[in-house]
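Working notes, structure below.
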Amino acid sequence: MTERIIIAGAGGQGIMLLGKVLSMAAMRKGKFVTWLPSYGAEVRGGTAHCMVVISDQEIGSPYIDKADTLIVMNKPSLTRFQSKIKDKGLVLINSSLIDKYPRGNSRLLPCPFSELAMKLGNIKVANMVALGAFLSQRKIVDLKDIFGVISDIAPEDKRGLIEVNKRALEEGAKYGSR
Amino acid sequence: MAKTKVLMTGNEAIAEGAIQGGCRFYAGYPITPQNELIAYMARHLLPAGGVFIQAESELAAINMVFAAAAAGSRAMTSSSSPGISLKQEGISYIAGAELPAVIVNIMRGGPGLGNIWPAQSDYFQATRGGGHGDYRCIVLAPSSVQEAYDLMALAFELADRYRNPAIILGDGMLGQMMEPLSVHSPQPTVHRKKNILPNKKWALTGCKGRKPNIIKSFYMKEGDLEKFNLRLQEKYKIIKQKEQRCDSLFLEDAQVILVAYGTMARIARGAVTKLREDGKKIGLIRPVTLWPFPDKVFKRLAISDKRLAILVIEMSYGQMLDDVRLAVNCQAPVEFLGRSGGGVPSEGEIINKVRKLLRTREPEN
């Protein structure tokens with residue numbers, strides 16, 4: 001098994017964290033993992049992406065030419081990365097912010113990540129809604145593995161946010177498996 | 001030894017590996033894509049009992065390392081390509097004074113200010129000395145986060161053993177990416193009680209009760225500098241003999257052998273795996289030491305085999321290629337694939353090049 005995932009959105013949408021939490025959970029399952037961020041002149045509101053490769057075997061390139069899965073949180077990211085998705089690949093689209101998407105050879109899964117997060121009272125957990133939806137489609141790790149990672153990495157002053165992150169994951173998984 | 005896995009960037013792993021390897025002095029100046037390294041040092045070197053200085057410039061940083069090394073400390077600095085160019089004068093002085101120090105270069109695109117994307121275009125600079133004078137640095141090239149960590153202790157050991165600067169040559173991708181890392185201790189930054197430093201009798205530690213030590217790279221008397229240079233050359237000969245390191249895959253039956261280092265080598269390994277699945281006899285040589293270049297492994301190959309071809313792959317336009325050609329010594333055709341300035345040859349590009357090579361070399365049936 002090798003799963004190549006590109007996660008992209010606006011700076012501040014928790015793109016890097018999404019990739020990191022998934023990578024850590026996969027690492028704890030004994031998988032090989034690479035996480036490669038976009039870096040440099042990145043600012044809040046600009047674009048951000050990371051590339052995550054999870055595999056049972058040693059990983060060659062951490063850079064992804066053709067992704068099995070693309071998770072896009074805003075419109076510019078879809079424009080930028082839609083050519084990177086492989087034939088019949090999975091595309092998770094934040095339909096709260098992306099109204100039009102091309103019908104290509106990929107399997108589209110539009111899901112209102114931002115709206116579901118707002119319903120939970122915190123738009124910042126849209127990333128975890130997306131992760132939940134992704135895991136409902138690709139069972140690389142269980143939701144409880146992600147819960148474990150979140151509660152381990154949450155800093156002292158942010159422990160109050162663990163619960164809403166868990167609920168975001170569950171909401172995403174529920175929506176994704178409909 | 002307790003082993004726990006953590007997810008870390010290559011930059012952080014290098015810093016942690018250095019602290020575990022006994023580094024107790026760091027001076028540096030920030031530059032992308034190696035900032036996580038200096039940031040990690042800022043946070044973790046002091047609790048480990050070391051000294052951290054964010055210097056006012058690259059020149060200041062390398063000269064602080066020069067001084068700390070002269071005083072006997074395990075000292076290092078890090079930067080990325082343009083910053084390493086600025087440090088060359090200091091590195092030449094360190095080599096000339098025969099001091100052990102570690103310099104990390106997380107390469108980015110050049111020449112000039114270039115850009116911040118990964119590249120391997122400082123190979124010549126690292127392996128040919130870089131500054132003025134007939135000197136060489138030991139150069140180690142990690143290709144994973146784990147290896148980046150593991151090679152740091154080795155870099156300090158080799159630098160101490162030969163009283164010679166050692167360079168860790170990585171690239172922006174290795175520095176930025178995260179991978180699981182096995183660290184030697186669950187609380188990695190705890191200061192080791194045991195004194196792991198070898199006794200440095202030559203160091204400037206205050207000469208009360210003994211003859212003063214002198215550290216210099218300046219020889220005025222006629223003939224002295226030549227004598228000193230001959231001694232350096234003797235040392236380099238020993239290093240070339242004893243310290244070659246490399247990794248290889250499927251050399252026994254390979255008809256095309258890829259040669260790549262660092263990040264490029266792991267992308268090449270991906271290509272080898274795919275080509276092997278397809279029944280193609282492809283091998284891989286991954287130099288771990290770039291200087292000394294592992295030429296022995298090339299000499300052991302059955303180069304008289306007329307079917308064998310060698311393909312060098314770099315994130316630069318043919319630098320390591322020269323060393324491979326010298327090692328192969330015209331006994332086999334040496335082909336090249338390279339991109340730079342932020343361009344990275346992909347697995348697909350490598351596979352295409354190899355297939356083309358195989359087609360042109362296959363005898364017509």
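Just so it is clear, the structure is predicted and the values come from calculations on it, not from any experiment. Naming: A, B, ... by sequence-line order, numbering from 1 per chain.
In this structure, no portion of B:V272 lies under 4.5 Å from any heavy atom of chain A. Looking at A:E58, the atoms closer than 4.5 Å to chain B (heavy atoms on both sides) sit in the backbone and in the side chain alike. Contacts between A:K66 and chain B at a heavy-atom distance below 4.5 Å are absent for every atom of the residue. Neither the backbone nor the side chain of B:P345 comes within contact range of chain A; no heavy atom of the residue lies under 4.5 Å from a heavy atom of that chain.
Aromatic ring centroids of B:F336 and B:Y317 lie 6.0 Å or more apart.
Between the side chain of B:E179 and the main chain of B:V145, a donor-acceptor pair closer than 3.5 Å is present.
Residues B:R339 and B:E314 are not in side-chain contact: their nearest non-hydrogen atoms beyond the backbone lie 4.5 Å or more apart.
The side-chain contact (heavy atoms from CB on, under 4.5 Å) check on B:A119 picks up B:S121, B:S340, with sequence neighbours excluded.
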